[in-house]
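Data block below; observations after.
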Amino acid sequence: AAAAASAAAAAVAALSMPLPLAKARPQERPPWVSAPVVSMLSFSRSDSVADLSTLSWLNALLSWLWPKANAALTEYVHGDLEQRLREMLPSAFKDAKFAKFTLGQNPPEFGPVEVAHHSDTHIEVCIDMHYTGDVDVVIDTGTGGIALGIRHLSFSGRVCIVLKPLLEKMPIVGAAKVFFPALPRVSLQFTGLAAVAHNPQLEQMIRQTVDDWMRSRMVLPNASFHVFGTEEEDVDPLDAYCIAPLGVLRVRVLSARYLAGINWKMTDVEAFDVHPYCVLRLGEQEGRTSVVAGNTCPTWPADERSHYFVVQHRDQQLEVTAFGEDQGGMFGKSADGFLGAAGAVLSRALKQWPKQHSAAGVRKSSVVLDTALVSKDMLHVNDPVLRGRSSEVELELEWFDMLEELPSEEQGGLAAVAAGAPTAVLLVELRSGAGFPWEDVDEKAGLRWRCRSEDAQKTSRRGVACNVEEAFFPEVALNPRLFSVVDKLVDRGYESPDIARVLGLETTELVEQYFAAKKEFEAQQEEVWQKQQEEDFRVSVVWNEVLTLFVCLPSSASISIELLDGQDRVVGLIGPVPMSELLSDSALSLPREWVPLELAAAPKEEATGGLAAWFLPSRTPTAPDVARYSTVELDVSAQLRPLRAGRGMPHRGRRK
């Protein structure tokens with residue numbers, strides 16, 4: 001999916017490049033310039049062409065690129081998905097690996113396409129993507145030759161390509177973002193161990209691993225970013241690498257019907273029930289309801305709290321998953337099990353679900369849960385799921401607009417709609433920092449920022465070192481693939497004339513050039529390494545990320561930003577900054593500036609005396625050397641966006 005989406009992005013970006021036809025004389029121009037599109041098909045029979053009046057040209061392009069994309073994706077899966085699979089599967093499969101991986105000969109198909117014009121500098125292209133193929137995937141479980149495989153895969157989703165900003169000079173498209181607004185639907189048919197045992201838990205685990213892998217790569221808020229223009233001059237890096245929020249969605253679970261009764265007792269085989277709860281998910285944001293005890297048709301309390309989600313795209317999908325909590329005892333059989341899952345596309349739900357008379361912007365409806373992966377072997381014979389009843393969950397939705405100014409008293413001010421409900425969204429904009437210790441950038445989890453306000457907190461992704469001096473191999477007129485061959489011949493004691501003879505060269509000139517270039521490269525490496533070992537060597541780190549936090553009482557809240565090292569230890573702090581400073585600003589913002597880091601206090605070590613000191617090692621974690629971060633500065637800014645109940649999502653823009 002990532003390979004195909006990137007190819008589609010490249011094709012769309014290529015369309016934005018002007019063709020060099022203006023300088024050609026009329027008789028030199030190709031016949032299709034002034035002729036109808038259909039005339040493009042008048043080529044020789046030996047040429048493969050596509051009808052440009054439809055999306056068949058894109059599908060044809062992908063069919064020609066598919067063998068290359070298939071090979072590239074295979075290498076990517078071995079290096080990335082394989083490790084994720086080992087982490088998710090049981091410990092018995094810790095040595096699992098892909099023994100074979102190919103997606104077959106059928107390329108994905110695209111269409112229909114929708115183009116939205118948001119502004120003169122912002123265009124969005126959304127394309128439906130479908131793939132069905134007989135794949136050949138074999139997973140070696142690493143348990144003595146036992147393998148499981150996947151023989152058929154179907155994939156369906158919508159890929160979006162955001163072209164922003166659009167420039168009035170080359171390359172016209174300043175940056176592009178490629179992403180799936182919602183998790184694509186993936187269907188797998190298993191072979192081998194998974195098919196023979198028909199273990200729903202194992203199948204669910206593999207599907208969950210694939211889903212989580214896709215979420216972390218291409219599903220909002222994650223995306224593939226491509227910058228074509230010059231950063232800072234033409235393109236704001238923060239704008240290029242972030243997707244601005246559209247608004248906020250409030251969700252409350254009201255009730256459910258006909259859930260699977262996965263709990264039963266040995267002392268009463270006719271009785272079955274479930275202790276249900278629901279998990280709500282939008283992108284990487286999650287919320288969980290309370291548990292309703294012993295009811296397959298539960299109704300949540302009237303004071304059940306709502307969950308709030310920041311929305312970035314109209315086509316994002318709210319995911320609802322029902323579970324049964326494990327409350328089993330000595331004489332009971334119970335399982336904290338999967339009860340079903342459903343999804344609702346936000347733009348459709350906020351338009352088609354029935355409105356509630358009590359509030360114009362509130363909508364309510366029920367979604368049917370997919371119970372195909374429920375472990376039906378352990379259900380009671382009279383269970384509603386086994387008897388064909390559809391499991392449902394009733395939801396209440398409400399949309400909130402994000403304002404750029406404080407609402408007036410006539411509009412209600414910043415009053416919350418319910419106790420504990422947020423009245424505003426805080427946007428903390430992290431760009432880059434300077435003065436970081438080089439060796440800590442790649443340590444374990446890396447350097448991250450954790451923002452706190454009231455009871456909310458959010459942690460950034462790990463930063464990436466930038467503007468780091470590197471050694472580059474000088475250009476040599478010898479094929480780079482022969483470098484390792486020359487090195488091996490040198491290790492075997494070959495002289496330059498012999499090496500030239502083996503390589504089929506008439507003279508030793510290229511061999512000597514390679515030796516000189518390698519010596520220069522090794523000298524550069526040594527110089528860079530020596531600089532990195534100096535005590536005062538520091539690097540810059542880039543994040544280009546916006547963290548969002550909900551705020552209930554901005555007038556009394558504050559913002560704190562903590563720097564975490566690779567071991568999740570706090571090494572420094574920025575703030576706390578009273579949020580009243582944002583409220584007093586007409587733009588409700590803290591201007592962009594470089595802020596120095598205040599070093600964290602070293603934790604006190606607890607002394608262990610007596611016999612315990614002999615037998616019990618100290619469990620006090622090693623304190624970080626915070627003095628090494630004394631030169632750190634962060635390029636940061638913040639914005640406050642008050643919330644106001646709205647009637648629905650903003651329009652997509654002019655569409656074609």
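The analysis underlying the following values was restricted to heavy atoms, covering all of them including side chains, and did not include hydrogens, waters or symmetry mates.
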So with a 6.0 Å cut-off around CG of Asp455, is the heavy-atom count from everything else above 12?
no

When you compare the side chain of Leu583 with that of Leu406, does any pair of heavy atoms fall below 4.5 Å?
yes

Would Arg288 and Tyr277 count as a cation-pi pair here, with the cationic atom under 6.0 angstrom from the ring centre and within 45° of the axis?
yes

Apply side-chain contact (heavy atoms from CB on, under 4.5 Å) to Glu124 and Leu163, showing your working.
CA-CA 6 Å; Glu124 181 179 358; Leu163 307 178; over 6 Å; no

In Å, rounded to the nearest 0.5 Å, how long is the span from CD of Glu404 to OG of Ser586?
12.0 Å

Shortest non-hydrogen contact from Leu547 to Cys451?
CD1-SG, 3.5 Å

Side chain to side chain, Thr548 and Leu426, heavy atoms closer than 4.5 Å:
no

Got Phe179 and His313 here, is their nearest side-chain heavy-atom distance under 4.5 Å?
yes

Here the pair of heavy atoms bringing Glu304 nearest to Ser290 is OE1-OG, 2.6 Å

So which heavy atom on Cys552 is nearest to which on Glu454, and how close?
N-OE1, 2.8 Å

Which atom names give the shortest non-hydrogen contact between Glu633 and Pro596, and what distance separates them?
CG-CA, 4.0 Å

Can you tell me how far the CH2 atom of Trp543 sits from the CG atom of Leu634, to the nearest 0.5 Å?
6.5 Å

Mind checking whether Val425 and Phe550 have side chains closer than 4.5 Å, heavy atoms only?
yes

Answer yes if the side chains of Ser306 and Arg250 hold a donor-acceptor pair under 3.5 Å, and no otherwise.
yes

Would you say that Leu249 contacts Leu350 through its side chain, given a criterion of any heavy-atom pair below 4.5 Å between the two side chains?
yes

I'd like to know if the side chain of Gln285 and the backbone of Val310 have a donor-acceptor N/O pair within less than 3.5 Å.
yes

Could you go through the side-chain contact (heavy atoms from CB on, under 4.5 Å) check for Asp120 and Leu166 one step at a time?
CA-CA 7 Å; Asp120 291 341; Leu166 300 179; over 6 Å; no

Indicate the ring-plane relationship of Phe323 and Phe338, choosing parallel, tilted or perpendicular according to the 30° and 60° boundaries.
perpendicular

Using modelled atom types only, decide if a donor and an acceptor are shared between the side chain of Gln639 and the backbone of Leu588 within a distance under 3.5 Å.
no

Quick note, salt bridge (charged side-chain N to carboxylate O under 4.0 Å, His left out) partners involving residues 459-468, not counting sequence neighbours, are Arg461-Glu545

Just checking, is any N or O donor in the side chain of Arg431 or Ser637 under 3.5 Å from an acceptor N or O on the other one?
yes

Here's a test for you: under side-chain contact (heavy atoms from CB on, under 4.5 Å), which of Val570, Ile561, Leu573 qualifies with Arg450?
Val570

Side chains of Asp440 and Tyr629, donor plus acceptor under 3.5 Å:
yes

Taken to the nearest 0.5 Å, the spacing of His307 NE2 from Leu395 CG works out to 11.0 Å

In plain terms, say whether Glu439 and Arg628 are close enough for a salt bridge, that is, a side-chain N and a carboxylate O under 4.0 Å apart.
yes

At what distance, to the nearest 0.5 angstrom, does CD of Glu319 lie from CZ of Arg281?
6.5 Å

Can you tell whether the side chains of Arg592 and Glu429 come within less than 4.0 Å, N to carboxylate O?
no

Do the non-hydrogen side-chain atoms of Leu246 and Gln312 ever get within less than 4.5 Å of each other?
no

Please check if the side chain of Ser558 supplies one atom and the backbone of Met579 the other of a donor-acceptor pair under 3.5 Å.
no

Take Ser224 and Lys177, measure what side-chain contact (heavy atoms from CB on, under 4.5 Å) needs, and give me the verdict at the end.
CA-CA 6 Å; Ser224 176; Lys177 308 177 185 75; over 6 Å; no

Between the side chains of Lys444 and Asp568, is the shortest nitrogen-to-carboxylate-oxygen separation below 4.0 Å, so that they form an ion pair?
no

Chi angles and distances behind the side-chain contact (heavy atoms from CB on, under 4.5 Å) call for Leu238, Val546:
CA-CA 8 Å; Leu238 193 68; Val546 177; 4.0 Å; yes

Taking all heavy atoms of Ile243 and all of Ala223, pick out the closest pair and write down the distance.
CD1-CB, 4.4 Å

Side chains of Val571 and Leu599: does their closest heavy-atom pair fall under 4.5 Å?
no

Test salt bridge (charged side-chain N to carboxylate O under 4.0 Å, His left out) on Arg215 and Glu284 and set out the steps.
CA-CA 8 Å; Arg215 288 182 197 274; Glu284 292 183 341; over 6 Å; no

Locate the shortest heavy-atom distance separating His226 from Val178; write the atom from each residue and the value.
CD2-CG2, 4.2 Å

Does any non-hydrogen side-chain atom of Phe309 lie less than 4.5 Å from one of Val251?
yes

I'd like to know if the side chain of Arg314 reaches the main chain of Val311, judged simply by a donor and an acceptor atom lying under 3.5 Å from each other, with no hydrogens or angles considered.
no

Tyr308 ring center within less than 6.0 Å of Trp399 ring center
no

Separation of Glu581 CD from Leu640 CG (nearest 0.5 Å)
12.5 Å

In Å, rounded to the nearest 0.5 Å, how long is the span from CD of Gln533 to CD of Gln530?
7.0 Å

